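Quick caveat, the model's predicted, so the values are computed rather than measured.
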Amino acid sequence: MSQPVTTVVPFASLPSCAAQCGPLYDANGACVPPAAPQTNEVTYDNCFCAYDTLQPFKQGTSGVCDAPCAADPGGLSSIQSWFTSFCNEAAAATTSPTSATSSSTSTANAAASNNDGGGDWLSTHWKWVIMIVVIVVGIAGIWVGACIWRRKYLKKKDRMYELGKGLPSNIAVNTQGNLVGPGARDSNYANNQGMFMSGSGAGYTEKPKKERKKWTVTQRT
């Protein structure tokens with residue numbers, strides 16, 4: 001009978017009685033080539049852990065290597081502990097590729113769903129477009145309002161400046177068109193609207209033009 005090409009059981013690191021345990025050899029030889037088809041180590045390990053004669057190790061120390069390890073109870077416990085740990089790692093290695101495949105499939109499906117319902121650029125960014133339009137319109141409105149207000153202000157300022165010409169330095173015209181300043185109430189300017197402001201009761205009248213006297217030839221000088 002040809003020897004196994006792969007050794008599942010690390011006999012060199014286990015207690016010496018493991019090398020005399022027939023069920024360990026039987027399980028190892030039955031789960032690796034040439035007795036088993038050529039495949040990966042995960043398959044070999046799962047076959048070893050599922051071998052019938054080794055199943056009592058999943059419940060305790062008895063039932064597998066009792067006779068060869070009768071003189072070494074501690075060694076038997078170590079073999080059983082190694083078997084339990086080894087098979088737990090093999091089971092985890094078996095489920096990991098399946099989980100990774102499921103995760104990859106879910107990610108791909110989610111990406112496909114997002115791509116199907118993505119739509120064009122405008123349909124996914126319309127809120128930003130509306131916000132930009134509102135900001136531009138708001139800035140334009142503020143600028144136009146400021147220009148109109150400044151124009152009215154300058155026009156009113158020029159009018160007040162024209163109304164204030166000819167007044168004494170201690171009398172001025174306020175924004176309501178009234179004279180203000182020391183003596184403005186008693187001044188002749190307070191009751192005279194004709195020179196500076198429109199209204200009835202103007203105090204200034206234009207002098208009549210003088211008629212030029214004509215010369216006659218017969219008149220003696």
Side-chain angles (χ1 to χ4, degrees), residues 1-140:
M1 181 178 179
S2 58
Q3 296 296 322
V5 298
T6 302
T7 302
V8 177
V9 183
F11 291 103
S13 60
L14 291 176
S16 59
C17 65
Q20 302 173 5
C21 183
L24 293 179
Y25 278 104
D26 294 341
N28 188 102
C31 293
V32 297
Q38 187 77 29
T39 182
N40 55 56
E41 292 186 4
V42 175
T43 303
Y44 301 152
D45 296 344
N46 287 328
C47 175
F48 177 83
C49 293
Y51 199 73
D52 292 339
T53 57
L54 300 182
Q55 297 309 301
F57 267 160
K58 293 182 179 180
Q59 305 297 327
T61 58
S62 62
V64 180
C65 299
D66 297 348
C69 295
D72 188 7
L76 180 61
S77 178
S78 298
I79 296 172
Q80 191 268 339
S81 297
W82 167 83
F83 177 84
T84 303
S85 176
F86 175 81
C87 291
N88 289 338
E89 293 178 1
T94 302
T95 57
S96 296
T98 304
S99 300
T101 304
S102 300
S103 178
S104 300
T105 304
S106 300
T107 303
N109 292 336
S113 299
N114 292 335
N115 292 334
D116 292 341
D120 57 359
W121 183 88
L122 185 60
S123 63
T124 57
H125 297 80
W126 61 272
K127 292 183 179 180
W128 289 98
V129 175
I130 293 177
M131 184 182 68
I132 293 173
V133 171
V134 170
I135 291 175
V136 171
V137 172
I139 293 175

Where [X] and [Y] come nearest, the two heavy atoms and their spacing:
X	Y	value
A30	A36	O-CB, 3.9 Å
V8	W82	O-CZ2, 4.1 Å
P56	S62	CB-O, 3.5 Å
A70	P73	O-CD, 4.1 Å
C49	F83	O-CZ, 3.9 Å
C69	I79	SG-CD1, 3.8 Å

Does the side-chain contact (heavy atoms from CB on, under 4.5 Å) test come out yes or no for L122 and V129, once each step is laid out?
CA-CA 8 Å; L122 185 60; V129 175; 3.9 Å; yes

Under the 3.5 angstrom rule, does the side chain of [X] hit a backbone N or O of [Y] as a donor-acceptor pair?
X	Y	value
Q59	Q55	no
N28	V9	yes
S78	G74	yes
D66	G63	yes

Should L76 and Q80 count as side-chain neighbours, where that means a heavy-atom distance under 4.5 Å?
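No, side chains not in contact.
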
Please tell me if the side chains of F48 and L54 come closer than 4.5 Å, counting only heavy atoms from C-beta onward.
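They are in side-chain contact.
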
Not counting sequence neighbours, which residues clear side-chain hydrogen bond (donor to acceptor under 3.5 Å, both in side chains) with N40? List them please.
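In terms of side-chain hydrogen bond (donor to acceptor under 3.5 Å, both in side chains), with neighbours along the sequence ignored, N40 is linked to T43.
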
Run the side-chain hydrogen bond (donor to acceptor under 3.5 Å, both in side chains) test against N46 and tell me which residues pass, sequence neighbours left out.
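In terms of side-chain hydrogen bond (donor to acceptor under 3.5 Å, both in side chains), with neighbours along the sequence ignored, N46 is linked to T94.
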
Rounded to the nearest 0.5 Å, what separates atom NZ in K127 from atom CD1 in I132?
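The CD1 atom of I132 is 14.5 Å from NZ of K127, to the nearest 0.5 Å.
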
Which side-chain N or O atoms in residues 13-26 pair as donor and acceptor under 3.5 Å with protein atoms at least two apart or in another chain?
residue, atom, partner, partner atom, Å
S13, OG, P10, O, 3.1
Y25, OH, A19, O, 3.3

